[in-house]
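What follows is a short report on a single structure.
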Amino acid sequence: MTELTLSRAIGTGLRRALADDPKVVLLGEDIGKLGGVFRVTDGLQEEFGRDRVMDTPLAEAGILGTAVGLAFRGYRPVCEIQFDGFIYPAFDQIVAQVAKMHYRTAGSVTMPITVRVPYGGGIGAVEHHSESPEAYFTHTSGLRVVSCSNPQDAHTLIRQAIASDDPVLFFEPKRRYWVKGEVDEEFGQQTLAMGAARVAREGTDVTLVAYGPLVATALDAAGAASDDGISIEVIDLRSLSPIDFDTVEASVRKTGRLVITHEAQQFGGLGAEIAASITDRCFFSLEAAPARVTGFDVPYPPAKLEEHFLPDLDRLLDAVDRVLGRTNSLTGWKA
Amino acid sequence: MGDELVQLLTPRGERVPNHLYDPWIADLESEQLLRLYEDLVVVRRIDTEATALQRQGELGLWPPLLGQEAAQVGSARTLRSDDFVFSSYRENAVAYCRGVQLVDLARVWRGTASSGWNPYDVGMATPSIIIGAQTLHAVGYAIGCAKDGVDSVAIAYFGDGATSEGDTNEAMVFAASFHAPMIFFCQNNQWAISEPVSLQSGLPLAARAPGFGIPSLRVDGNDVLAVMAATRCALDRARTGGGPTFIEAVTYRMGPHTTSDDPGRYVDPAELERWAALDPIARMEGYLEGLGLLTGAAKASITSAADEVARRFRAGCLSLEDPEPLSVFDNVYSAPHSGLERQKSQYAAYLAGFEGGA
Ligand SMILES: Cc1ncc(C[n+]2csc(CCOP(=O)(O)OP(=O)(O)O)c2C)c(N)n1
Ligand SMILES: [Mg+2]
């Protein structure tokens, strides 16, 4: 066990993958000498050479298209997209090529490609540097999508993603890169399914489903609610496609109430998918309609407005009040 | 057109005769030469002030243009007000030359707005952070000008790194195919964050354009006169039905990529020193001194004018207040949208609960 930041935990996962499998190659902009703009790949080019850790020309479609060809040739490319908002030039290659290749070739060609994407807001950045595009990819059949919330999961999940024969979109919560935690390099490698959710805090009154950067916010909200005598169970999804609905359902059967949160915009997002699926699975256990706390349906705003876009502790607790039938912003605050 | 670098001023400021490009700047009088110099000094001063403001926490980020003053001023000062600029984030000197208000230069980087100005007020689009995207916009705008029968020109500013993006290459295909009246103005500042230009291209960047059917030239981007001559020549071609031109302005990014970057990790100090000796302002200074135009008094008055601009820029920046919370819902659509209206009124009700410290 060593204490690492979330970004170092991904870096050590990449290092292990490069060391364990000569077919693993890293591609991306500024990932070599600079070590990536977030330093996740720091030192890897020095250790494994330019053939394994490749600074690419500035072209995201180029990175993903080249990864497809490398995968055809038996390699396991790990692509870094510098920021969430820069994945769109690669969208065509990911959605029309990477996602469908196994299906199109009747299973003869696998695409063990990992696409690492620093994502989400809360860092006061300029345009295109704070987005949460995960729903575009969970909507795309053929892709697996995961997001980590802590150093241990970051390490475990990146290695599982690289080992997966399916393409994996790996969303890294950039505002939590500097969070520290104990990391056991062997934890979960053999036993834990990549798609398994985690009960991050047990509770009995409300189930609060989160992933990536908002797991910490959800845990803070649960802590604050407990001072008020409300017991919140926090579930960290980890995998966004597939979703471990068994774990969510078991929790909702116990609590009868569901709140889902993500930074991404609400309309057509994962919150809708989870609310519909859980309603379908255990309608009669629900005491209230599931509530969503998400980014609003607007483009990610300028930095000085992001606190009015991002879900925070107070907005989560307001939704908790709503599903509990307590006074909340929709009923009017004055009791 | 060729591979050699168009240069009208040596690094020491001696005038090099050039029969092809001299005619394009033959009309410049002392007064205009001095004004060009003043522009160079002023935009550098704004840039240093912005970097200082970022260090003091007043701007979230700033992409310094240090070293690229001549490339930006020399090209932007040739444009007419009815021409249109599609730029990337580093072209703050271009914006200044277009008449963007000082306070408006600060908005995006302070995080109070997504766009600093109305593009139609100054003939310059909101800078594109998505690398290369704006090159296609310039093509479309130029095609529109030609369709309208006017001789306005569109100019796309982009970097060496941007030449690798699909959009930039598609822009060249479209511009050539539709004979678009435009200029591809590439500032080759040798770096795309930590990646040297050699990673993007084995050939000089200007050598690519002819393959698309677009004439090109390489100009010394630290020579404001050469940049001006080259841009005027390309503008004239575009205005008279000659189609697009690709200009590679060879320059150098003297500072970090942005205030968040640490070039110490990848830039060789010797390279920085070599380029420091080619400074665009020192060169123009040498030239004007040689002509006897830049006396001590003239220089002092330009310096104090630049300081005054920097003072106004700072004051403008500090005057920018945080936007109203509910403005987060503004301008998403041009007409009301029922789903968004509902979110807005619910959020308004939510915020109301905090009034009076709830
Ligand atoms: C599509 C896209 N990919 C990646 C980035 C991240 N990024 C921002 S600036 C930059 C380098 C650009 O280099 P260049 O085109 O030479 O312009 P310069 O910064 O040197 O002015 C990169 C990779 C981006 N903004 N957009
Ligand atoms: Mg560059």
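In what follows, chains are A, B, ... by sequence order, proteins preceding strands, each numbered from 1.
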Is the number of heavy atoms from other residues, nucleotides or ligands under 6.0 Å of [X] [atom1] greater than 12?
| X | atom1 | value |
| --- | --- | --- |
| A/E46 | CD | no |
| B/Q56 | CD | yes |
| A/H139 | NE2 | no |
| A/F91 | CZ | yes |
| B/Y266 | OH | yes |
| B/Q190 | CD | yes |
| A/D51 | CG | no |

Sub-4.5 Å side-chain heavy-atom contact between A/K304 and B/L320: no
Given a strict heavy-atom distance threshold of 4.5 Å, which part of [X] is in contact with chain A: side chain, backbone, both, or neither?
| X | value |
| --- | --- |
| B/L326 | neither |
| B/A113 | backbone |
| B/S327 | both |
| B/L61 | side chain |
| B/I131 | side chain |
| B/A133 | neither |

Would you compute the distance between atom [atom1] of [X] and atom [atom2] of [Y] and round it to the nearest 0.5 angstrom?
| X | Y | atom1 | atom2 | answer |
| --- | --- | --- | --- | --- |
| A/Y300 | B/S114 | OH | OG | 11.5 Å |
| A/E127 | B/S128 | CD | OG | 8.5 Å |
| B/Y347 | A/R315 | OH | CZ | 6.0 Å |
| B/H337 | A/F267 | NE2 | CZ | 7.0 Å |

Determine the minimum heavy-atom distance between [X] and [Y], stating which atoms define it.
| X | Y | value |
| --- | --- | --- |
| B/Q200 | A/P57 | OE1-CA, 3.4 Å |
| B/R265 | A/K33 | O-CG, 3.9 Å |
| B/V108 | A/V126 | O-CG1, 4.1 Å |
| B/A349 | A/S329 | CB-O, 3.9 Å |
| A/L58 | B/S164 | O-CB, 3.4 Å |
| A/V298 | B/V332 | CG1-CG2, 3.7 Å |

Among the options B/G60, B/A162, B/P323, pick out the one with the most heavy-atom pairs lying under 4.5 Å from chain A. B/P323
Chain A contacts, top residue of B/N331, B/L351, B/I130 (heavy-atom pairs, under 4.5 Å): B/I130
Which answer fits [X], side chain, backbone, both or neither, if we ask what part of it has an atom under 4.5 Å from a heavy atom of chain B?
| X | result |
| --- | --- |
| A/Q265 | neither |
| A/L330 | side chain |
| A/E29 | both |
| A/D297 | both |
| A/N328 | neither |
| A/D92 | neither |

Spell out, as yes or no, whether a donor-acceptor pair under 3.5 Å connects the side chain of B/E195 to the backbone of A/D30. yes
Using the six-membered ring wherever Trp is involved, compare the ring planes of B/F329 and A/F296 and label them parallel, tilted or perpendicular (cut-offs 30° and 60°). tilted
Among A/P301, A/A59, A/G124, which residue forms the greatest number of heavy-atom pairs with chain B at distances under 4.5 Å? A/A59
Stepwise side-chain contact (heavy atoms from CB on, under 4.5 Å) check, A/Q82 with B/I193: CA-CA 11 Å; A/Q82 200 163 82; B/I193 310 186; 3.4 Å; yes
